[in-house]
2 protein chains.
Amino acid sequence: MSIEAAAPTRPMRADARRNYEAIVRVAGDAFAEHGTQASLDDIACRAGVGPGTLYRHFPNRDCLLEAALVESRLALNELAEQLLADDDAGAALDTWLLALARHANTWDGLPDSIVQSINNKQSPLGASCSTLVDATGRLFDRAREQSAVTADVSARDLFVMAGSLAWAASRPRRDTGARAEASDDLPRLLGLLMRGLR
Amino acid sequence: MSIEAAAPTRPMRADARRNYEAIVRVAGDAFAEHGTQASLDDIACRAGVGPGTLYRHFPNRDCLLEAALVESRLALNELAEQLLADDDAGAALDTWLLALARHANTWDGLPDSIVQSINNKQSPLGASCSTLVDATGRLFDRAREQSAVTADVSARDLFVMAGSLAWAASRPRRDTGARAEASDDLPRLLGLLMRGLR
DNA sequence: CGACAATACGGAGATAGTCTCCGCTTTGTC
DNA sequence: GACAAAGCGGAGACTATCTCCGTATTGTCG
């Protein structure tokens, strides 16, 4: 949107890259342990950097979430490619929605961040989700062509519903000290959703 | 679980009751304005009491949410009674799930609190939700008897799904300054769910 | 009425999280 | 090896939660 559209963006300085990577690595552990609300200052501390450094690399929580999810996202995009080549488009859609929901459940609280960012072009999380929404749409269209589904839904609605079921399935108890044993409600709930699509 | 099960619980002192009511009234406004994450100290301040007073009456956020929702809950229970007498059990279920979802959307963030508390007997919110889950189950059973629905779902799953769709519908955008105009996605999403039940 | 116990109040402050500012350090380059 | 650019980090401002305990209010009896 300006004259110098293509900023040269010289490569990161060695120390900067080192810190960036350390933060992302530690963040993954912290989010896994405490959910997406893990303390950012604590992540900085555990990564051996000051809070200022963390916030310079990742101005907000979404940026850090996004960075820590990159690998999982790549795998998901690859899965989409494979599923688009699958003969059984209905089963492919099934598989895809489950994978999507499981991805959203990577960490406690992630569905919330994802669904909140979905409409927000500013958020890096939202931006990278739009790829997933597109894939969802393409897989759904193929399933419709094969008459595996008949419902009329937008790709965005489908994506959001998968996310919301992930959210519902990941909210087993609060306050009770007992560690939530992973009762896997997801397939059951998604089955109901798929039933509605046919 | 002890010998003196029926504690006499003498009536509240006049000043205590006055403060209790002021807090609940202000809390309703604050939750409406800022969602369920509204500052509790701020609510105390606006109600003209100290934080200590608020936390004595309502040891945690759920207690305050529950107290501020009492009237809406009563109306909902009354609706359940009416719907159970409705001849068209399918339509009654439809109406009920929508009412349930709208109730969960009374304030921003409420679906989260509700679904988190659903498995938690300790939470006053969870306790009062179990009534709603029961009503959901009874309405669903009637619809099944009339063959208006055929799916096999637990009342809890139905309740949680209604809550999760409410959650999904209430999360339109984040960060974008623009006030989210209330695009009403709820009926569309619930329609999909109902389709899956038939 | 007046006084005393039980009850309740409220605000100071401990704790914890977010995020910024800016003086200092490290890096890459010539 | 020296200089500018890039990057660091931690002190601290701000906001929120929740507790503790000295003080004030209430209801009840004599």
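Letters go in sequence order (proteins before strands), and every chain restarts at 1.
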(Q) Check this one for me: any side-chain N or O of His57(A) less than 4.0 Å away from OP1 or OP2 of dC8(D)? (A) yes
(Q) Using a 4.0 Å heavy-atom cut-off to protein, can you give one letter per nucleotide of nucleotides 14-30 of chain C, 5' to 3': B if the base is in contact, S if only the sugar-phosphate is, - if neither? (A) ---SBBB-----BSS--
Q. Among pairs that include at least one residue of residues 71-82 of chain B, which meet side chain to side chain donor-acceptor pair (under 3.5 Å), considering only residues two or more places apart or in two chains?
A. Glu66(B)-Arg73(B), Ser72(B)-His103(B), Arg73(B)-Ser128(B)
Q. Closer than 4.0 Å, any side-chain N/O of Asn19(A) to the OP1 or OP2 of dG7(D)?
A. no
Could you list the donor-acceptor pairs under 3.5 angstrom formed between side-chain atoms of residues 191-198 of chain B and any protein atom two or more places apart in sequence or on another chain?
unit_1: Arg195(B); atom_1: NE; unit_2: Gly196(A); atom_2: O; d: 2.6
unit_1: Arg195(B); atom_1: NH2; unit_2: Thr150(A); atom_2: OG1; d: 2.6
unit_1: Arg195(B); atom_1: NH2; unit_2: Arg198(A); atom_2: O; d: 2.6

Q) Judged by modelled atom types alone, do Asp62(A) and Ser117(A) share a side-chain donor-acceptor pair under 3.5 Å? A) no
(Q) If the condition is ring-ring contact (aromatic ring centres under 6.0 Å, His included), which residues does Tyr20(A) pass it with, not counting sequence neighbours? (A) His57(A), Phe58(A)
Q | Length of the OH-P vector between Tyr20(A) and dG9(D), whole Å | A | 17 Å
**Q.** Nearest-angstrom distance from the residue atom CZ of Arg46(A) to P of dG9(D)
**A.** 17 Å
Q: May I ask you to evaluate whether Thr53(B) reaches the phosphate of dA8(C), defined as a side-chain N or O under 4.0 Å from OP1 or OP2?
A: no
Q: For Val133(B), enumerate each residue passing the side chain to side chain contact (heavy atoms under 4.5 Å, CB included) test, keeping only those at least two apart in sequence or located in another chain.
A: Ile118(B), Ala155(B), Phe159(B)
Q | Between P of dT17(D) and CG of Leu64(B), the distance in whole Å | A | 11 Å
Q | Atom-pair distance (CZ on Arg17(A); C1' on dA6(D)), nearest Å | A | 14 Å
Q: Under the side chain to side chain contact (heavy atoms under 4.5 Å, CB included) rule, collect the residues that match up with Val26(B), sequence neighbours excluded.
A: Ile43(B), Arg46(B), Ala47(B)
